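Just below is one structure, and these are the notes that go with it.
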Amino acid sequence: MTREAMKYGAVNLSQGFPDFAAPEDIKRVAMQAIADDVNQYAITWGAKDFSRRDRQKDQVVFGF
């Protein structure tokens, strides 16, 4: 995937090594989740709220 990302100038998410800093609000929320012991993987089909918002975005962006 790294080669493909480089070939097409894409953001390489395959290895988890972004070449930019994470936004401060994401760092803050992640640290709070760790402190609150939110440490379980989402169920196989994803977190319900995230999946719902993702579907809503798809409806707006892609029309389905």
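Just the heavy atoms: all of them, side chains too, but no hydrogens, waters or symmetry mates, feed the values below. Just so you know, these numbers come straight off a predicted model, no measurement behind them.
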Name each donor-acceptor pair under 3.5 Å that joins a side chain in residues 26-38 to protein atoms two or more places apart or in another chain, with its distance.
| from | atom 1 | to | atom 2 | distance (Å) |
| --- | --- | --- | --- | --- |
| K27 | NZ | E24 | OE2 | 3.3 |
| Q32 | NE2 | D36 | OD1 | 2.9 |
| Q32 | NE2 | D36 | OD2 | 3.3 |

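For K48, the NZ atom is loosely surrounded, since the number of other residues' heavy atoms within 6.0 Å does not exceed 12.
Taking CZ from R52 and CZ from R55, the interatomic distance works out to 8.0 Å, rounded to the nearest 0.5 Å.
Only one option out of V61, V60, D54 pairs with D58 in a side chain to side chain contact (heavy atoms under 4.5 Å, CB included); it is D54.
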